[in-house]
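By convention here, the first residue in the shown sequence is residue 1.
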Amino acid sequence: MKLHPVILSGGSGTRLWPLSREQYPKQLLALIGDDTMLQQTALRLAGFSGRLPVSGQPLVVCNEEYRFITAEQMRAAGCPTNHILLEPVGRNTAPALTLAALTVRRDSDDGVLLVMPADHVIRDRETFHRAVDIGIEAALAGAMVTFGIVPERAETGYGYIRVGDEASPGIHAVASFVEKPDAETAAEYVASGAYLWNSGLFMVKAGVWLKALGHFNPEMLAACEAALETAGRDADFVRVGREAFQACPSDSIDYAVMEKLAATPELGIAPQVVPMSVGWSDVGAWDALWTLADKDDDGNSGRGDVMFEGTTGSLVHATSRMVVCLGVEGLVIVETPDAVMVARKDQTQDVKKIVARLKSDRRSQALAHRKIHRPWGCYDSIDTGGRFQVKHIEVKPGASLSLQMHHHRAEHWIVVRGTARVTRGDETFLLSENQSTYIPLGVTHRLENPGKMLLEMIEVQSGSYLGEDDIVRFEDTYGRS
């Protein structure tokens with residue numbers, strides 16, 4: 001039996017906008033340190049020496065829209081996996097855990113699942129390992145375990161767990177779960193010493209979870225089973241059946257199972273909690289990131305090309321140009337190539353209202369960044385006009401774009417660095433630095449990087465319609481239609 005890390009990598013990209021977007025949520029960002037939050041989560045059990053060995057293949061459940069960057073970040077972190085389960089639609093955490101549990105039961109007799117959201121911060125890895133080892137003992141005995149954070153303050157943004165009697169050293173029964181309280185109630189909870197923050201981390205044997213879910217929500221279990229039965233494999237990805245998964249009820253692990261266990265003792269599955277102080281945060285808003293970040297003597301935190309003068313208590317994140325703060329206090333400023341947000345630090349919880357307005361107005365800034373990641377590399381739309389668009393394209397060594405054609409645009413390609421192999425109609429040829437070519441409208445073409453260094457190009461598109469949906473693919477290495 002092994003300990004199987006299950007990384008839940010969903011998210012809507014609203015709380016840390018404009019840095020996070022719907023197709024590039026916060027777990028894909030490097031907010032604390034050089035690694036992204038997904039990579040930090042994948043490395044969280046590195047060096048673990050508890051009572052179970054850790055599986056070398058973590059399970060990642062994510063949205064298919066950002067599957068390629070997820071796989072790339074896992075590889076870059078030294079944690080490659082071919083167990084990336086793709087959800088065609090979001091159905092909350094309970095179905096995601098069910099897909100993982102069914103996968104483990106299919107591939108082995110059973111195993112203990114450690115469920116970790118990909119967008120949390122845990123600073124004290126050693127203490128976290130000790131808490132996990134305590135949880136393993138309870139999970140092996142058939143309990144469903146959650147991890148509660150010893151509160152550092154009266155926080156209204158988190159749910160709480162009321163702690164029951166001690167079940168064994170370091171672990172307690174769960175008396176009840178409590179919704180996010182108001183400020184006065186939160187203060188009472190913290191003063192009592194009987195409550196923990198609900199971290200959203202869980203541990204349970206795969207078979208125990210499936211037994212509990214089958215009791216409380218057999219419809220969800222059946223939908224997830226059907227979705228896996230109709231799944232298809234695509235490289236590192238498992239594409240679960242769209243129709244079956246769309247029919248699956250949406251619910252969280254807490255609501256679907258955990259909160260109901262105490263009232264159902266006949267199941268024999270005890271809800272238990274391991275208290276821990278590990279420097280945890282769910283980074284729920286920009287003010288939370290300011291709390292976590294390293295700061296100067298004036299309480300300022302800057303990332304990127306940032307200059308402070310006469311400024312206090314502020315957070316600035318610059319990605320593409322210099323940002324200067326002069327004579328201000330308590331601000332959050334986030335700069336990206338296509339959007340800049342300036343907010344009072346105590347108002348950053350309301351950024352979701354801005355995202356809702358952007359979506360209502362069909363603004364692209366809600367969906368994706370100007371720089372778009374693809375399995376072969378990335379492109380950045382650096383200029384756009386009525387009948388033209390200019391892109392900076394990067395193609396990874398050995399990678400190729402699909403064999404494709406456009407109905408409404410022609411393209412001019414200029415190689416800036418590296419070597420390009422170009423297919424244009426019936427001819428194939430190489431371009432080196434400072435050379436260019438022209439792809440007429442309606443001509444089949446492909447771009448490849450045959451070299452060992454990054455290929456950089458400038459592409460100038462011209463035509464009556466320049467949308468990304470004007471692509472007819474004939475061959476594609478990455479299974480896109």
Run Asp251 and Asn217 through side chain to side chain donor-acceptor pair (under 3.5 Å) and show every step you take. CA-CA 10 Å; Asp251 210 348; Asn217 200 325; 4.9 Å; no

Nearest 0.5 Å, please: how far is OG in Ser55 from NZ in Lys2? 5.5 Å

Crowded around Arg233 CZ? As in, over 12 foreign heavy atoms under 6.0 Å? yes

Is there side-chain contact between Asp282 and Asp119, with at least one heavy-atom pair below 4.5 Å? no

Drop me the distance from Tyr379's OH to Gln389's CD, to the nearest 0.5 angstrom. 7.5 Å

Gln246, CD atom: more than 12 neighbouring heavy atoms under 6.0 Å: yes

Checking the side chain of Trp17 only, and the main-chain atoms of Gln365 only, is there a donor and an acceptor separated by less than 3.5 Å? yes

Steps toward side chain to side chain donor-acceptor pair (under 3.5 Å) verdict (Arg357, Ser360): CA-CA 5 Å; Arg357 289 177 59 183; Ser360 177; over 6 Å; no

So, the side chain of Glu335 versus the backbone of Thr319: is there a donor-acceptor pair under 3.5 Å, distance only? yes

Distance-only, no hydrogens or angles: does the Trp209 side chain make a donor-acceptor pair with backbone N or O of Met203 under 3.5 Å? no

Shortest non-hydrogen contact from Val238 toward Ala231: CG1-CB, 3.8 Å

Just checking His407: does its NE2 atom have more than 12 heavy atoms from other residues, nucleotides or ligands closer to it than 6.0 angstrom? no

Output, in order, the C-alpha distance, side-chain angles, deciding distance and verdict of side chain to side chain contact (heavy atoms under 4.5 Å, CB included) for Leu16 and Leu31. CA-CA 10 Å; Leu16 293 182; Leu31 298 173; 3.5 Å; yes

In the structure I gave you, are the side-chain heavy atoms of Arg303 and Leu19 within less than 4.5 Å of one another anywhere? no

Are there over 12 heavy-atom neighbours, none belonging to Lys260, within less than 6.0 Å of that residue's NZ? yes

From the list Arg417, Lys396, Lys391, salt bridge (Lys or Arg N to Asp or Glu O under 4.0 Å) partner of Glu456 resolves to Arg417

Of all heavy-atom pairs linking Ile122 and Val278, the shortest is CG2-O, 3.6 Å

Please check: side-chain N/O of Asn63 versus main-chain N/O of Glu65, any donor-acceptor pairing under 3.5 Å? yes

Single hit among Asp338, Asp383, Asp380 for salt bridge (Lys or Arg N to Asp or Glu O under 4.0 Å) with Arg370: Asp380

Which atom of Arg446 lies closest to which atom of Ser400, heavy atoms considered: NH1-OG, 4.2 Å

In terms of side-chain geometry, is the basic nitrogen of Arg67 or Glu64 positioned less than 4.0 Å from the acidic oxygen of its partner? no

Is the Tyr24 to His373 ring centre distance short of 6.0 Å? yes

Crowding at CD, Glu468 (>12 non-hydrogen neighbours, <6.0 Å): yes

Under the side chain to side chain contact (heavy atoms under 4.5 Å, CB included) criterion, do Tyr158 and Asn198 qualify, and how do the steps go? CA-CA 7 Å; Tyr158 300 146; Asn198 185 355; over 6 Å; no

In sequence, state the C-alpha distance, the side-chain angles, and the governing distance for Asp236 and Asn82, and then conclude on side chain to side chain contact (heavy atoms under 4.5 Å, CB included). CA-CA 4 Å; Asp236 295 333; Asn82 58 12; 4.2 Å; yes

Got more than 12 heavy atoms from elsewhere within 6.0 Å of CG, Asp361? yes

Mind checking the CD-SG spacing from Glu225 to Cys248? Nearest 0.5 Å is all I need. 11.0 Å

Under a 3.5 Å distance rule, please check whether Arg409 uses its side chain to pair with a backbone N or O of Gly467 as donor and acceptor. yes

Is it true that, when you exclude Lys352 itself, more than 12 heavy atoms of the residues, nucleotides or ligands shown sit nearer than 6.0 Å to its NZ? yes

Minimum heavy-atom distance between Leu455 and Ala420, given as atom pair plus value: CD2-CB, 3.8 Å

His129 side, atom NE2; Asp124 side, atom CG - distance, nearest 0.5 Å: 9.5 Å

Side chain to side chain contact (heavy atoms under 4.5 Å, CB included), that's the test. Do Leu113 and Phe202 meet it? Break it down for me. CA-CA 8 Å; Leu113 311 179; Phe202 296 91; over 6 Å; no

Would Arg21 and Thr336 count as having a side-chain donor-acceptor pair, cut-off 3.5 Å? yes

Is the ring pair His120/Trp280 parallel, tilted or perpendicular, if the boundaries are 30 and 60 degrees? perpendicular

Determine whether a donor-acceptor pair (N or O, by modelled atom type, separation under 3.5 Å) exists between the side chain of Thr419 and the backbone of Gly451. no

If you count the non-hydrogen atoms of other residues, nucleotides and ligands that lie under 6.0 Å from NZ in Lys359, is the total more than 12? yes

Look only at the side chain of Thr81 and the backbone of His83, and say whether a donor-acceptor pair between them is shorter than 3.5 Å. yes

Parallel, tilted or perpendicular: ring planes of His412 versus Tyr438, cut at 30 and 60 degrees: tilted

Taking Arg421 for the side chain and Pro450 for the main chain, is one N or O donor matched with an acceptor at less than 3.5 Å? no

Considering all heavy atoms of both residues, which atom of Glu219 and which atom of Pro249 are nearest to each other, and what is their separation? CD-CG, 3.9 Å

Return the CD1 to CD distance between Ile7 and Gln27, rounded to the nearest 0.5 Å. 10.5 Å

Minimum-distance pair of heavy atoms, taken over all atoms of Arg125 and Ala46: NH1-CB, 3.6 Å

Distance check, rounded to the nearest 0.5 Å: Leu59 atom CG versus His4 atom NE2? 7.5 Å

Assess the pair Phe48 and Phe128: is the distance between their ring centroids shorter than 6.0 Å? no

Side-chain donor or acceptor of Ser9 paired with backbone N/O of Cys62 under 3.5 Å: no

Donor-acceptor under 3.5 Å (Thr444 side chain, Gly425 main chain): no

